[in-house]
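Fair warning: this is a prediction, and the values are worked out from it, not measured in the lab.
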Amino acid sequence: MTNQVPLGAILAHHAGVDAQRIAIRIGDRSIRYTELDMLSNRRARAFSAKGVAHGDFVTVALPNGLAFYETIFAIWKLGAVPNIVSAKLARPELEAIIDLVRPRLFVGAEPPPGLNAIGPHEPMDAMSADPLPVAISPNWKAMTSGGSTGRPKVILDAMPGQWDSTEGFLTQRPGDVILNPGPLYHNAPFHCVTMGMFTGATVIEMERFDALRALELIEAHGVTWVTMVPTMMQRIWRLGPDVLSRFSLPSLRMVLHMAAPCAPWLKEAWINWLGPDRVWEYYGTTEGTGSTIISGRDWLEHRESVGKVRDGYALRILGPEGEDLPAGEVGEVFFRPEGGAGSTYRYLGSEARRIGEWEAPGDLGSLDAAGYLYLSDRRNDLIISGGANIYPQEVEAALEAHPGVRGSAVIGLPDDEWGARVHAIVHRVGEDGPDEDALLAFLATRLTRYKMPKRIEFTDEPLRDEAGKVRRAALRKARLPVGD
């Protein structure tokens, strides 16, 4: 027998179990489950007054903070569906997402013109904090991502808005203390943090990542579980041995890293520091089609693997003709969820790439004889920088919107901190074309900050082949350090 609780009622459920239980700590403020429940009740009524009802989309463009948490639970209380976007999303991207979702309400500081909207700090005191009628969202989240061409797409999760309040996600346990160092508009932090709260966790919300402060918060609050991207791990490691030696992090049961490849030396350094049973890696899809997991102990025996497929999913490595490849041979990764194709999500604004019941996340990899997965590269040209997806074609389109740019090619180059950095190669129109500073200023009005090139290189060499395709692989290879 399960303990399925509607997400709109789950705060009250945990407040009933322990009225003193802290839901969130933000700075010097501690918010109990009881208080968060009442705050989100008020906010839900404000949203209802704006017309939000069961099944409606609500686009949320808020930074990490109390208003974000109030808003998410308020949406679930109405049986509506949260569509999470960055509070700093570039206007063209935001408008493309709005066009796909057609939200009933926009919650954020700078709504696009003509939208039904409410600000993040609008007074809610006049609204009742009493419980609302129980409603269950048809889809508990609608996260956003880039499509195969870089155009936005929305991933509508098939799970309805309810959860077993005793079932932890990825070894989370009821009553855990979870540090959140990541932006909540990214799927991994949002998924992990909210899932923790569904089982009564206390969330230590950083709002903005800082390496030393992360360690201080883990020790000060007895954090038991945290997820990070390798960029964060790198920044913590760069604090140096004198700083790191001050922290043994005795409460910490699991550091789970995901969202981007982790350099083997960095992974091994963390295993040596914290021990192999506390450092884990997760690889999976926002679509929920499949995932793998590996402990540090297993990783030492299967170096550079991202683990075995988790229960409830199946995994194959297929060749160009859709054939199964033998152990050790690199092909395309395909997953199948237990419920079959389409059982975990549906797209708005894109189409899945499937072979029968099997779906491709876009990665190349191989399996060893024991069933451990090793990733090789992306099937396409996606750049993953600090755990964020950046599509070269989108950056190229923004560059080529400048009248002084004749053509461009965007590639990802290795970066010790970010995993990869965006590098733009540009053909200018004439000798008096824009310089690097002018182009960066132009791009800043069209691209979200993390998609901005770290460098713009000007060249006369061919950027495209005779078929008109960007020579991305050749351009990247010519700029890689010798030996890479």
Side-chain angles (χ1 to χ4, degrees), residues 168-173 176-182 186-189 191-193 195-196 201 203-204 206 209-284 291-311 363 365 368 370-375 384 386-387 415-419:
F169 174 68
L170 292 177
T171 80
Q172 289 176 346
R173 300 172 185 170
D176 264 341
V177 180
I178 295 173
L179 179 72
N180 178 41
H186 280 181
N187 182 66
H191 196 110
C192 293
V193 166
M195 283 281 178
V203 175
I204 311 301
M206 290 192 70
F209 178 74
D210 175 86
L212 179 57
R213 184 165 168 259
L215 298 181
E216 291 170 343
L217 288 172
I218 290 171
E219 291 222 331
H221 296 291
V223 169
T224 57
W225 197 99
V226 63
T227 181
M228 294 184 177
V229 298
T231 299
M232 296 173 182
M233 297 167 68
Q234 169 87 323
R235 288 183 179 180
I236 288 173
W237 196 252
R238 282 185 173 176
L239 293 172
D242 290 344
V243 174
L244 296 180
S245 64
R246 292 161 31 199
F247 299 94
S248 59
L249 312 181
S251 63
L252 195 58
R253 187 177 73 252
M254 173 178 268
V255 175
L256 184 70
H257 67 88
M258 60 176 76
C262 184
W265 73 263
L266 181 62
K267 176 75 166 273
E268 191 162 14
W270 273 70
I271 289 173
N272 290 338
W273 178 33
L274 298 181
D277 297 319
R278 295 203 283 168
V279 180
W280 291 67
E281 181 170 3
Y282 174 88
Y283 161 69
S291 59
T292 65
I293 193 166
I294 189 168
S295 69
R297 191 170 295 279
D298 276 355
W299 186 87
L300 291 173
E301 296 181 6
H302 303 269
R303 288 180 62 88
E304 300 188 41
S305 171
V306 293
K308 286 186 171 183
V309 67
R310 294 172 62 224
D311 290 344
D363 292 309
D368 66 15
Y372 285 83
L373 175 64
Y374 299 77
L375 297 178
I384 303 179
D415 187 277
D416 288 341
E417 181 175 9
W418 296 96

- Query: Pick from Val279, Thr171, Ile293: which one makes a side-chain contact (heavy atoms from CB on, under 4.5 Å) with Leu256?
  - Reply: Ile293
- Would you call Lys267 and Pro230 a side-chain contact if the rule is heavy atoms closer than 4.5 Å? no
- Do Lys308 and Asp298 sit within salt-bridge range, that is, some charged N less than 4.0 Å from a carboxylate O? no
- Query: Does any non-hydrogen side-chain atom of Ser305 lie less than 4.5 Å from one of Asp368?
  - Reply: no
- Report yes or no: does Gln172 contribute a side-chain atom to a donor-acceptor pair with the main-chain N or O of Cys192 at less than 3.5 Å? yes
- Query: Would you call Arg303-Glu268 a salt bridge at under 4.0 Å N-O?
  - Reply: yes
- Message: Counting C-beta onward and ignoring hydrogens, is there a side-chain heavy-atom pair between Val223 and Leu217 closer than 4.5 Å?
- Response: no
- Side chain of Glu304, backbone of Pro264: donor and acceptor closer than 3.5 Å? no
- Query: Which heavy atom in Thr292 sits nearest to a heavy atom in Val306, and how many Å separate them?
  - Reply: OG1-O, 2.8 Å
- Do Arg253 and Asp176 come close enough that some side-chain heavy atom pair is under 4.5 Å? yes
- Specify whether Tyr282 and Phe169 have parallel, tilted or perpendicular ring planes, treating 30° as the upper limit for parallel and 60° as the lower limit for perpendicular. perpendicular
- Task: May I ask you to test the Thr227-His191 pair for a side-chain heavy-atom distance under 4.5 Å?
- Result: no
